[in-house]
Number of protein chains: 2
Amino acid sequence: MPAPQRVSTESLIATIREIAEKEGVDAVTMSSVAAAVGVRAPSLYKRAANRHELLRLAADDAARELGSEIADIAAASDDPRAVLAGTARALRALATRSPRVTTLLFCAPHPAADHSPEMLAPIMAELLDAVRAITPDDPLSAARTLTAWAYGFCTMEQNGGFRQGGDVDAAFERGLEIVLRGIAG
Amino acid sequence: MPAPQRVSTESLIATIREIAEKEGVDAVTMSSVAAAVGVRAPSLYKRAANRHELLRLAADDAARELGSEIADIAAASDDPRAVLAGTARALRALATRSPRVTTLLFCAPHPAADHSPEMLAPIMAELLDAVRAITPDDPLSAARTLTAWAYGFCTMEQNGGFRQGGDVDAAFERGLEIVLRGIAG
DNA sequence: ACCTGAACACCGTTCAAGT
DNA sequence: ACCTGAACACCGTTCAAGT
């Protein structure tokens, strides 16, 4: 006798992200998620093969969020510099409002079970277009430099790597200037 | 009746790093480390308060390694550009030969139990000196830009973030050029 | 002073049985 | 077709007892 699914995928993902941000990634256990969603732990295996895939659902959701924001920015502006700056700021905004899941997005605990690479590919494509408008010289490396810096900055900020003090917001904007100037040659 | 310590701190740390690199950070359990070192799990609590501190021992060891390499580079060269480039390359070399522990160094799983910040402080001091020789303008932000990029690049490389192909070594050197040019203004 | 066995609470995962 | 209870192997951690 068929039984309807008791919990939607969207609310499942929202619950995972909520637990991760509020209590930490370690608190995302099969039973905590199940309890929060009104079900027993074994039922979750109908939605994900294992705990890691549960976390990947959350990371992919954040990547989708970031991707659509960046697509909006690219669509709204013709200035490639503005597109690149907007992308970096959007990543930092995500890292600020969803630090745990953003960390998950880039520092996958298991290298084997990496998050779907196709989630980040469209973002890279937008960036490449913008970089090409600035420099004809090896745009892929230039785009990677920007993403590596932005990602590294956000992760260090989240991990408390900036304890030396100073204005972190200003440091971000200064870093953005440095990288964009360097790319422009 | 006193009983001598059965395992030296150095061999304990070496064992942890070995397991982490060969079988993954998840494989570093109290019992696997204890077994590899010829002891029972509870004995490890004489050396570390918990599993996380065991991992922190390994991360701090790698940081010490990196720090002394960078100190050597700074001592051997008067060219600030060479010091900055050497630092970035030393970090990447560490990430290449000890990827798991390097990830641990920067992407601490628990934000609470972060690795000792004083491990990285001397490295930052060397960098600041070199940056100051290049630009007088907000050297702290400039140094952070370099470290954020280098760290981000290595982490993305380790996590397979560069699946789009291309020569990764060349991309690293190109990124280094971009960042140094940007800092020089 | 260090090490151990035994115990505790917890976790991820499997699976046969329910509806 | 989904959910459940019961079970399994494993883990981190504590602690009283050994030497």
Side-chain angles (χ1 to χ4, degrees), chain A residues 1-20 22-60 100-101 104 108-115, chain B residues 1-20 22-60 100-101 104 108-115:
Chain A
M1 227 146 279
Q5 213 172 48
R6 224 177 272 176
V7 39
S8 73
T9 301
E10 304 99 66
S11 73
L12 176 65
I13 291 176
T15 300
I16 297 169
R17 290 187 62 171
E18 212 175 302
I19 296 176
K22 283 189 187 156
E23 308 176 50
V25 173
D26 283 357
V28 179
T29 68
M30 300 306 278
S31 24
S32 72
V33 172
V37 108
V39 104
R40 303 290 180 163
S43 296
L44 293 179
Y45 290 86
K46 288 279 162 185
R47 322 300 289 278
N50 48 44
R51 174 179 181 261
H52 195 85
E53 217 165 284
L54 229 48
L55 292 173
R56 207 172 59 91
L57 286 177
D60 284 358
R100 314 309 242 284
V101 176
L104 227 51
H110 292 266
D114 45 6
H115 39 271
Chain B
M1 227 144 280
Q5 211 173 48
R6 223 177 272 175
V7 41
S8 74
T9 300
E10 304 98 68
S11 74
L12 175 65
I13 291 176
T15 302
I16 298 169
R17 289 187 63 170
E18 212 174 301
I19 297 177
K22 283 190 186 154
E23 307 176 50
V25 173
D26 282 356
V28 180
T29 69
M30 301 305 279
S31 25
S32 73
V33 172
V37 110
V39 103
R40 302 291 180 164
S43 297
L44 294 179
Y45 290 86
K46 288 278 162 189
R47 322 299 289 277
N50 48 43
R51 174 178 181 264
H52 195 83
E53 216 165 286
L54 229 49
L55 293 173
R56 207 172 60 91
L57 286 176
D60 283 357
R100 312 311 243 280
V101 176
L104 229 49
H110 292 265
D114 44 7
H115 41 271

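In the text below, chain A, chain B and the rest are named by the order of the sequence lines, each starting its count at 1. Note that the structure is a prediction, hence the values are computed from the model and not measured.
- Straight-line distance from the CZ atom of R47(B) to the C1' atom of dT4(C): 16 Å, rounded to whole Å.
- When the C1' atom of dT14(D) is taken as reference, atom CZ of R40(B) falls 17 Å away, rounded to whole Å.
- Considering only the side chain of P42(A), dT4(D) comes nearest among dC11(D), dG12(C), dT4(D).
- Taking atom CZ of residue R6(B) and atom P of nucleotide dC3(C), one finds them 6 Å apart after rounding to whole Å.
- In this structure, CD1 of I19(B) is placed 12 Å from P of dC11(D), rounded to the nearest angstrom.
- If you take CD1 on I16(A) and CZ on R51(A), they are separated by 10.5 Å, rounding to the nearest 0.5 Å.
- To the nearest angstrom, P of dC3(D) lies 7 Å from CD of Q5(A).
- One atom, CE of M30(A), and another, P of dC10(D), lie 19 Å apart when rounded to the nearest Å.
- Rounded to an integer number of Å, the gap from NZ of K46(A) to P of dT19(C) is 17 Å.
- Side-chain proximity of Y45(A) to the nucleotides dG12(D), dG12(C), dC2(C) is greatest for dG12(C).
- Considering CG of L12(A) and CG of L44(A), their distance stands at 6.5 Å, rounded to 0.5 Å.
- The residue T29(A) sits close only to the backbone: its heavy atoms come under 4.0 Å of sugar-phosphate atoms, none of a base.
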* Begin with the C-alpha distance, continue with both residues' side-chain angles, and end with the deciding distance and a verdict on side chain to side chain contact (heavy atoms under 4.5 Å, CB included) for N50(B) and E53(B). => CA-CA 5 Å; N50(B) 48 43; E53(B) 216 165 286; 3.6 Å; yes

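- Shortest non-hydrogen contact noted between A48(B) and L54(B) is CB-CD1, 3.5 Å.
- Dashed line: the shortest gap from a side-chain N or O of S43(B) to OP1 or OP2 of dT4(C) is under 4.0 Å.
- dC2(D) is paired with dG18(C) under the Watson-Crick or G-U wobble criterion, all donor-acceptor distances under 3.5 Å.
- Counting only N and O atoms by type, the side chains of R47(A) and T9(A) include a donor and acceptor under 3.5 Å apart.
- Taking atom CG of residue D26(B) and atom C1' of nucleotide dT13(C), one finds them 16 Å apart after rounding to whole Å.
- If you check dT13(C) for Watson-Crick or wobble pairing at under 3.5 angstrom, you find it paired to dA7(D).
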